[in-house]
Enquirer: 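Could you have a look at this structure, given as structure tokens, before my questions?
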Amino acid sequence: MTVNSGSGVRLRIITLMAVLSAGTLILAGQLFRWQVLEHQTFLALAEKEHLAEDVIRPHRGAIYDRNGFLLAADTFQYEVSASPTMISDPYATADRLFPLLGMSRAETLAALTSDAPWVPLAREISQPVGETILRWDITGIQVEPCPRRVYPGGTLAAHVLGFVNDNDRGFYGVEGYYDAMLRGVAGLRQGERDPFGYSIPIGPGQYVPPRQGKSLTLTIDRTAQYIVERELADAVARYEAESGSVVVVNPETGAILAMASWPTYDPNSFAETESTSFPDPMVSEQYEPGSVFKVVTLAAGLDAGAIKPGTAIYDGGVIEVGGRSIYDWDRQPHGTVDMTTVLAKSLNVGAAQVAVMLGKERFYTYVRRFGFGRITEVDLDSEGPGTLKTPGDADWHESDLGTNSFGQGIAVTPLQMAMAVATIANDGLLMKPYIVQQIQEDDRALWVQPTVVRRAVLAQTARTLTDMLATAVQQETELAQVPGYRVAGKTGTAQIPVPGGYHPTLTVASFAGFLPADDPAFVILVVINKPKTSPWGNLVAAPVFAHIAQQLVILFDVPPDNVRLARLGN
Amino acid sequence: MSSQATHPVRTLLRPGSLAQRITWRIERKAALGMLLILITVSLIGWLYLTQASSIAATNFQIERLRAELTWSNQQNAQLELEIARWEALPRIEQRARELGFAPAQQAIYLPVADYPAEKQESGTQDPGNQ
């Protein structure tokens with residue numbers, strides 16, 4: 001009995017010890033798991049309780065014109081929000097706030113008495129109002145400064161600049177292309193916080209300062225831009241056109257001095273604008289250039305030695321290329337004409353004959369040399385390459401050689417066309433167009449250097465063609481002439497492709513030219529879409545060119561030819 | 001008399017009294033040690049608090065200066081924008097017209113006798129070169 005009782009006690013003790021040991025083991029295991037295996041997880045959880053991280057938003061870089069005038073910059077507005085549970089007297093608070101926030105008293109009171117832990121009250125509050133509410137220091141009312149992009153010129157250079165949305169993301173134009181550079185890199189403030197959220201100054205923490213966005217200086221001259229935009233808007237209204245574009249380029253460097261499209265929009269209120277207005281037609285939209293493209297065809301013919309300015313051809317008013325009949329614009333025979341006359345009278349038959357003389361291989365080689373069929377790599381967002389069909393492509397046809405020679409069946413962006421004409425003005429060197437000339441970060445400035453893409457034609461070819469273009473303007477495009485200056489240029493009147501052919505009446509009227517012809521200061525391309533008063537480039541686009549050029553020679557201090565040549569002759 | 005004279009010696013030589021005095025000396029040393037430790041700890045504490053307070057004050061000042069810098073930058077940006085608005089071309093054009101100015105139609109170049117000739121390839125200002 002005693003033996004039995006003793007063994008029972010021992011058994012109980014052993015059982016108890018086993019249970020306690022198992023419990024201890026479980027506890028030790030759990031402790032090991034928490035302290036060792038999941039140490040980092042729990043450490044992070046603990047730190048999260050008392051550590052706070054503030055992301056410091058960098059200041060977005062400003063954008064200036066070439067002379068240092070501000071085109072885009074950040075300003076600060078305030079966002080006002082409330083934590084209703086922390087507000088001691090919502091009625092008195094609502095009475096104070098509602099006149100400043102542009103809300104009704106009932107709305108404000110409803111927000112301040114709601115059950116939500118946080119409610120936004122108003123955005124885009126002006127600085128004086130925001131600072132007044134800040135000074136009141138009402139518990140439960142938060143006033144946070146938030147940057148807002150402002151374009152002080154309004155619609156000035158809207159397509160060039162693009163816009164920035166509420167999340168500080170740039171879209172289109174320079175804002176889109178240089179978004180990462182302008183935006184900068186956010187900073188970080190990390191440290192221990194007390195229960196009220198205030199930082200503990202002697203606790204562990206780190207401060208990583210934000211890297212502010214870089215500022216950009218454009219090649220754009222805001223006065224030239226203003227002139228161009230005003231003239232373009234006037235022209236679109238005067239000729240009852242649908243839209244239009246103008247670009248002014250320095251042919252020697254490729255710097256874009258002014259670039260405008262109409263209709264435009266105000267980037268300050270991009271949210272109220274149709275999204276179709278955002279892309280810059282100058283780089284995003286393509287059009288058939290029409291006769292302005294003859295500049296490329298004749299440059300190719302001259303450079304390849306296929307023609308000379310005096311080369312005579314017979315123009316019977318029609319020619320068949322690849323089984324397709326090509327007519328002159330007036331459907332009349334012009335007899336035997338030289339190449340300058342082909343340009344002056346804008347004869348499609350003549351241009352087609354030059355292309356045929358060159359042959360398809362050489363013709364399209366030159367077309368590519370002038371930069372068509374690929375993007376210009378201008379530093380603007382959303383650039384398109386245009387459409388160029390070449391031999392070997394499934395949709396290319398022999399007749400395309402004829403039609404492409406006078407700018408039909410090929411689609412280009414206005415900037416591509418302007419750069420091709422600028423190549424002639426720059427002694428045959430194709431430059432890469434650019435719009436940002438300086439990038440500034442703190443006290444360092446990086447200047448963008450002009451870039452030569454390639455030599456498209458020989459310098460002599462370019463000079464010969466310039467002379468022909470100047471003669472053509474003198475003979476046939478009176479409205480493009482600028483008193484005192486020899487202008488070289490070419491008109492274009494292109495039909496608009498529609499499904500199944502071309503629109504019977506609507507056209508794209510254009511003119512591309514430069515002056516002074518012997519030492520070009522700038523190239524101007526004017527494109528007017530669907531003018532109603534007249535379809536012709538020489539009547540619609542050429543006068544716009546002249547009006548703009550007359551003002552730009554004064555702005556850029558380009559003396560008339562006689563003064564300039566006399567000065568050089570001294 | 002003699003017994004009175006010898007009393008202090010005896011007292012001194014009493015074992016109990018010696019032990020008491022040794023204990024007292026030890027206690028005094030311990031107290032001094034403790035006091036020294038207390039003073040050292042207090043000094044370290046005082047130094048720590050002084051440092052912490054100085055760091056806190058400096059941190060507060062840094063925060064205040066950062067806030068001031070941000071505010072100044074904001075004000076600067078605001079003023080720059082204000083200037084840009086005043087410099088807007090439509091405003092300048094309107095003001096110029098109010099003052100009686102008109103758009104220039106033509107620039108007139110006057111020949112200056114014996115003016116040093118510009119021996120350059122291009123006689124025009126290059127608007128795209130900076």
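Order of the sequence lines sets the chain letters (A, B, ...), proteins ahead of strands, with each chain counted from 1.
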Enquirer: Less than 4.5 Å to any heavy atom of chain A: does that hold for the side chain of B:P90, its backbone, both, or neither?
Expert: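 For B:P90, backbone and side chain are both near chain A.
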Enquirer: Name the region of A:E131, side chain, backbone, both or neither, that has any atom closer than 4.5 Å to a heavy atom of chain B.
Expert: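 Looking at A:E131, just its side chain touches chain B.
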Enquirer: Does any non-hydrogen side-chain atom of B:I83 lie less than 4.5 Å from one of A:L70?
Expert: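 No; the side chains remain at least 4.5 Å from each other.
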Enquirer: Are side-chain heavy atoms of A:H59 and B:Q74 found at a separation under 4.5 Å?
Expert: no
Enquirer: Less than 3.5 Å apart, any donor N or O on the side chain of A:D557 or B:Y109 sitting next to an acceptor on the other?
Expert: yes
Enquirer: Counting heavy-atom pairs under 4.5 Å with chain A, which one of B:R85, B:Q105, B:E87, B:Q106 comes out on top?
Expert: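 It is B:E87.
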Enquirer: With only heavy atoms counted, which part of A:Q127 is less than 4.5 Å from chain B, the side chain, the backbone, both or neither?
Expert: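 For A:Q127, the contact with chain B is made by the side chain alone.
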Enquirer: Please look at A:F69 and chain B and tell me whether the side chain, the backbone, both or neither of the residue comes under 4.5 angstrom of a heavy atom of that chain.
Expert: side chain
Enquirer: Check A:D74 against B:L81 and note the closest heavy-atom contact, atom names and distance.
Expert: O-CD1, 4.1 Å
Enquirer: Could you tell me which portion of A:R222 (side chain, backbone, both or neither) has an atom closer than 4.5 angstrom to a non-hydrogen atom of chain B?
Expert: both
Enquirer: If I measure from the heavy atoms of chain B, does A:Y151 come under 4.5 Å with its side chain, its backbone, both, or neither?
Expert: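 For A:Y151, there is no contact with chain B at all, as no heavy atom is under 4.5 Å.
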Enquirer: Tell me if the CZ atom of A:R211 is crowded by more than 12 foreign heavy atoms within 6.0 Å.
Expert: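 Not more than 12 within 6.0 Å, no.
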Enquirer: Roughly how far, to the nearest 0.5 Å, is OH of A:Y207 from CD of B:E63?
Expert: 8.0 Å
Enquirer: In terms of heavy-atom proximity below 4.5 Å to chain A, should B:W71 be classed as side chain, backbone, both, or neither?
Expert: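 Side chain only.
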Enquirer: Report which part of A:P145 has an atom under 4.5 Å of a heavy atom belonging to chain B: side chain, backbone, both, or neither.
Expert: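 Only the side chain of A:P145 comes within 4.5 Å of chain B.
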Enquirer: Sub-4.5 Å heavy-atom contacts with chain A: which residues of residues 91-99 of chain B show up?
Expert: B:I92, B:E93
